[in-house]
Amino acid sequence: MAFAEPLVVGRPNAGERARLLDRLGGVLDRLWLTNNGPLVREFEARLADLTGARHAVATCNATTGIQIAARAAGLRAGDEVIVPSFTWVATAHALEWIGIVPVFCDSDEITGNADPEHVERLIGPRTRGILGVHVFGYPCDIDALTGLAREHGLVLMFDAAHALGCTYRGRPIGAFGDAEIFSFHATKFVNSVEGGAIVTDDDALAARVRELRNQGIDAAGQISGAGTVARMSEFHAAMGLTSMEAIDTIVEANRRNQRVYEELLDGLPGVVVRGQAPGEQANFQYLVIEVDAAVAGASRDDVLEALLAENVHARRYFSPICHQVEPYRSDPARHFPLPLPRAEGLAARVLSLPTGPTVDAAQIAGICRTVRATVRPADRRLVA
Ligand SMILES: *Cc1c(COP(=O)(O)O)cnc(C)c1O
């Protein structure tokens with residue numbers, strides 16, 4: 001029986017309505033709507049707290065945040081930056097849009113993240129940086145990437161859009177590399193409707209980022225060079241603060257959901273629920289299964305279709321991956337000089353299923369029944 005209401009991936013978490021309306025009322029009372037207002041500064045302070053970083057600079061979204069951080073770190077048009085292909089296309093587009101050339105590396109199959117050995121093979125005369133991604137909140141091999149960046153004199157940044165509240169070696173994601181960039185888009189588990197932030201321990205980089213966010217105007221009010229507009233408004237910060245207050249409740253719900261999925265799909269041939277880094281804190285914002293068609297007797301897309309028929313809107317995160325879409329696909333010499341078999345394998349297998357505080361155990365049971373009914377492992381077919 002199909003669900004009456006659609007079950008979707010990335011349903012927004014609104015936080016406590018009364019708190020939000022209270023904050024919005026305050027904005028209207030002050031009529032300080034944007035330009036580094038008190039709520040934006042409070043949001044930045046909360047984020048710095050949460051990540052243990054010296055600086056958090058809120059932006060209008062993560063894509064522009066990546067661009068500003070790249071510029072502030074000294075990256076220029078024509079520079080090559082190594083990024084994983086297995087990520088949301090925004091990671092690559094952010095660079096491409098400002099003339100920086102994304103060069104795609106392969107992924108580690110367990111973590112889903114940039115494989116440091118593959119990254120090293122791609123380092124060439126025009127390489128100036130590495131932009132790692134903590135895919136689905138699983139931290140990158142930060143030690144290995146930091147070692148490579150030091151050895152080759154590269155800028156090291158992380159797209160941390162999935163990793164708010166996650167840890168690496170017990171330390172919160174946020175202050176690793178030269179800068180880490182978070183997203184607070186409506187579909188992220190903590191959201192400001194639209195929004196992002198650059199987090200860093202580097203005082204000079206933080207100051208530069210603040211200038212670039214605001215037309216190149218420096219702390220003294222002087223125009224110090226070209227900048228863009230990437231400010232977060234007070235309305236957005238009101239939502240961001242309210243959503244951030246609910247982070248523990250949301251993570252707890254996600255963790256509970258992950259356990260239910262793991263239990264109900266346990267032992268199903270060809271289907272695994274992707275896990276998180278052992279011994280680390282995770283936010284479980286994405287519930288991702290991998291369907292190995294050869295074993296399951298059904299492809300990821302078969303499962304997707306079966307779920308859709310039940311009004312469950314699962315998502316192919318991430319497929320197609322960056323080097324499989326334009327403008328990258330047409331220019332392998334520039335963007336992927338080496339083959340990316342493990343990233344392509346992951347892209348063919350992954351499927352994101354609904355989770356979050358609005359999804360309950362009965363709904364998950366329904367979803368898992370459909371997945372089980374779709375899978376036709378070879379041994380079961382012999383019996384039938
Ligand atoms: C959502 C997301 C982004 C983009 O965030 P915006 O705030 O929408 O610009 C970038 N990278 C990854 C991995 C994402 O999931």
Side-chain angles (χ1 to χ4, degrees), residues 8-13 40 43-44 47 56-71 81-98 100 102 104-105 107 111-114 130-140 157-166 173-174 176-177 179-199 209 213 228-233 236-237 239-240 243-244 254 274 282-288 315-323 325 328 343 346-347 350 352 355-356:
V8 301
V9 172
R11 180 153 196 243
N13 299 311
V40 164
F43 182 73
E44 292 177 340
L47 185 59
V57 182
T59 56
C60 55
N61 57 53
T63 302
T64 315
I66 291 171
Q67 295 173 334
I68 291 176
R71 281 274 188 267
V81 171
I82 299 170
V83 299
S85 180
F86 187 69
T87 176
W88 177 233
V89 75
T91 314
H93 278 3
L95 301 174
E96 176 73 13
W97 189 250
I98 56 171
I100 296 171
F104 298 114
C105 67
S107 304
T111 68
N113 293 322
I130 301 168
L131 175 55
V133 184
H134 310 299
V135 175
F136 306 138
Y138 205 118
C140 286
M157 303 193 304
F158 295 101
D159 176 339
H162 297 178
L164 184 69
C166 301
I173 293 295
F176 293 103
E180 302 206 62
I181 299 92
F182 290 95
S183 172
F184 299 100
H185 181 254
T187 57
K188 271 45 178 193
F189 79 117
V190 169
N191 86 91
S192 61
V193 187
E194 294 277 1
I198 299 155
V199 171
V209 151
R213 176 180 69 168
T228 186
V229 172
R231 298 176 294 253
M232 179 182 275
S233 82
H236 291 89
M239 182 70 168
S243 180
M244 191 122 69
N254 290 344
R274 282 185 67 82
N283 60 33
F284 300 98
Q285 94 172 282
Y286 297 97
L287 188 296
V288 184
R315 291 290 198 146
R316 275 181 283 224
Y317 286 155
F318 303 103
S319 172
I321 47 178
C322 296
H323 76 285
V325 299
Y328 317 109
L346 276 167
V350 286
S352 287
T355 186

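Counting starts at 1 for both ligands and their atoms, in listed order.
Below 30°, between 30° and 60°, or above 60°: for F158 and H134 the angle between ring planes is below 30°, a parallel geometry.
Every residue two or more places apart in sequence or in another chain that forms a side chain to side chain contact (heavy atoms under 4.5 Å, CB included) with V8 is listed here: P6, R11, H313. C166 pairs by the side chain to side chain contact (heavy atoms under 4.5 Å, CB included) definition with A163, I173, N283, not counting sequence neighbours. Y328 meets the ring-ring contact (aromatic ring centres under 6.0 Å, His included) test with H93, F104, H335; sequence neighbours excluded.
A donor-acceptor pair under 3.5 Å is formed between the side chain of R274 and the backbone N or O of T111. Between the side chain of N191 and the backbone N or O of N13, at least one donor-acceptor pair lies under 3.5 Å.
Within 4.0 Å of ligand 1, the residues that place a heavy atom are N61, A62, T63, T87, W88, A90, T91, D159, A161, H162, S183, H185, K188, G195, listed by chain and number.
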